[in-house]
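Take a look at the structure set out below.
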Amino acid sequence: MIPTMTNLPEIRPSNGGGVLGQTFSLFFKNAGALLFITAITVVPVQLISNYGFPYDFKLLRYSIRDVIISIIFLTLLIPVVVHYLIERLRGGSASVAQAYRWGLSKWLRMIMYDFLQNVILTAGLLLFIIPGLFMYVRLLLLPIVVAIENTSVTNPLETSRNMSQGQFWAFIGYSVVINGFNIMVTWAAGELFIRLDFINGISVTLFYLFINWIALLGIILPLVLYLKIKSEQN
């Protein structure tokens with residue numbers, strides 16, 4: 001049976017700096033634990049990728065291999081981070097081990113729906129930008145729905161779509177800020193990394209650890225939105 005989370009914490013971001021404020025607050029308050037969680041997944045996978053296959057460290061560009069790694073391995077971070085942060089929001093003692101157990105129970109479903117989400121978004125963008133944006137908004141909460149709910153009895157695509165109704169411009173605005181921040185930090189880190197001229201398997205692994213850690217903001221934002229909408233519905 002697919003597990004589901006109950007007794008979700010209620011959040012009212014408008015009373016605490018808004019959605020973006022809550023997103024950054026959750027990230028920085030749990031920065032150390034989130035870095036540790038990211039390292040558990042990213043470091044071994046990246047070391048195997050760097051040393052197990054031919055790789056030009058100086059290029060530092062994405063390849064088909066990176067996409068496959070992202071779909072198969074990095075999707076594990078979504079349910080792990082979601083579980084950990086929800087436990088923190090509940091005020092309990094969050095456990096990284098428990099979060100990973102939860103993540104592993106959701107991993108296969110996360111891979112399936114992550115692949116489906118990418119296919120739908122790609123198709124939407126190929127049909128011009130506007131349909132792609134509508135698809136993006138409708139699917140923004142999909143990973144969180146899969147990470148939290150029992151997808152054997154609910155349709156996560158329908159749940160994500162229903163929760164996004166009336167939220168188009170808000171979702172777009174929040175996403176522009178978070179994705180823009182991620183892009184800026186990744187670009188600056190990449191420029192600094194290349195200028196250091198100390199590029200090998202270990203340093204590349206640390207670089208990817210950093211950018212995947214920062215990229216967790218892209219998980220925390222839809223989590224905050226999901227909990228906010230759920231709180232408003234209660």
Side-chain angles (χ1 to χ4, degrees), residues 5 8-31 34 38 62 70 74-75 77-79 81-82 84-86 88-89 110 113-114 116-149 155-191 210-234:
M5 287 187 192
L8 295 174
E10 290 192 6
I11 62 171
R12 308 287 178 179
S14 58
N15 297 331
V19 168
L20 293 175
Q22 184 79 47
T23 299
F24 282 105
S25 175
L26 272 176
F27 178 81
F28 288 115
K29 284 181 179 178
N30 300 281
L34 293 176
T38 308
Y62 284 99
S70 177
L74 298 186
T75 51
L77 287 174
I78 299 173
V81 168
V82 166
Y84 183 86
L85 291 178
I86 284 179
R88 290 282 291 162
L89 286 168
M110 292 303 309
Y113 281 104
D114 183 69
L116 180 60
Q117 183 182 32
N118 287 326
V119 169
I120 294 173
L121 288 177
T122 301
L125 289 173
L126 290 176
L127 292 171
F128 301 111
I129 300 298
I130 300 302
L133 289 176
F134 276 103
M135 293 295 184
Y136 174 83
V137 167
R138 286 187 170 192
L139 297 176
L140 181 62
L141 303 183
L142 177 63
I144 308 303
V145 174
V146 176
I148 291 176
E149 300 185 8
N155 183 344
L157 291 168
E158 184 177 347
T159 302
S160 177
R161 182 195 65 200
N162 291 340
M163 293 183 74
S164 69
Q165 289 181 358
Q167 304 284 347
F168 181 83
W169 291 113
F171 279 18
I172 290 294
Y174 297 140
S175 298
V176 166
V177 173
I178 294 299
N179 291 328
F181 179 81
N182 281 338
I183 290 170
M184 230 176 15
V185 171
T186 300
W187 174 81
E191 288 294 311
F210 175 75
I211 63 173
N212 279 287
W213 175 57
I214 294 296
L216 294 184
L217 285 165
I219 299 174
I220 299 173
L221 171 64
L223 172 61
V224 170
L225 291 170
Y226 176 92
L227 294 175
K228 172 179 177 289
I229 293 169
K230 282 290 185 182
S231 298
E232 292 170 348
Q233 291 173 346
N234 294 334

Spacing of [X] atom [atom1] and [Y] atom [atom2] [to the nearest 0.5 Å]:
X      : Y      : atom1 : atom2 : value
Glu191 : Trp187 : CD    : CH2   : 5.0 Å
Lys29  : Arg88  : NZ    : CZ    : 9.0 Å
Ile229 : Ile144 : CD1   : CD1   : 11.5 Å
Leu141 : Ile148 : CG    : CD1   : 9.5 Å

Whether the side chain of [X] engages the backbone of [Y] through a donor-acceptor N/O pair (distance < 3.5 Å, no angle test) should be reported.
X      : Y      : value
Thr38  : Leu34  : yes
Glu149 : Pro156 : no
Asp114 : Met110 : no
Thr186 : Ile183 : no

> Do other residues, nucleotides or ligands put more than 12 heavy atoms under 6.0 Å from the CE atom of Met135?
Replying inline: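 No, the 6.0 Å shell around CE holds no more than 12 heavy atoms from other groups.
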Please find the pair of heavy atoms, one from [X] and one from [Y], that lie closest to each other, and give the distance.
X      : Y     : result
Pro9   : Ile86 : CD-CG2, 3.8 Å
Ala147 : Pro79 : CB-CA, 3.8 Å
Trp213 : Phe27 : O-CE1, 3.3 Å
Leu26  : Leu89 : CD2-CD2, 3.8 Å

> Quick one: does Leu85's side chain get under 4.5 Å of Ile219's, heavy atoms only?
Replying inline: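 Side-chain contact under 4.5 Å: no.
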>> Checking Glu10 now: which residues fulfil salt bridge (charged side-chain N to carboxylate O under 4.0 Å, His left out) with it, not counting sequence neighbours?
In response: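 Partners of Glu10 by the salt bridge (charged side-chain N to carboxylate O under 4.0 Å, His left out) criterion, ordered by chain and then number, come out as Arg12.
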> Who are the ring-ring contact (aromatic ring centres under 6.0 Å, His included) partners of Tyr174, not counting sequence neighbours?
Replying inline: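 If we apply the ring-ring contact (aromatic ring centres under 6.0 Å, His included) test to Tyr174, skipping adjacent residues, there are no hits.
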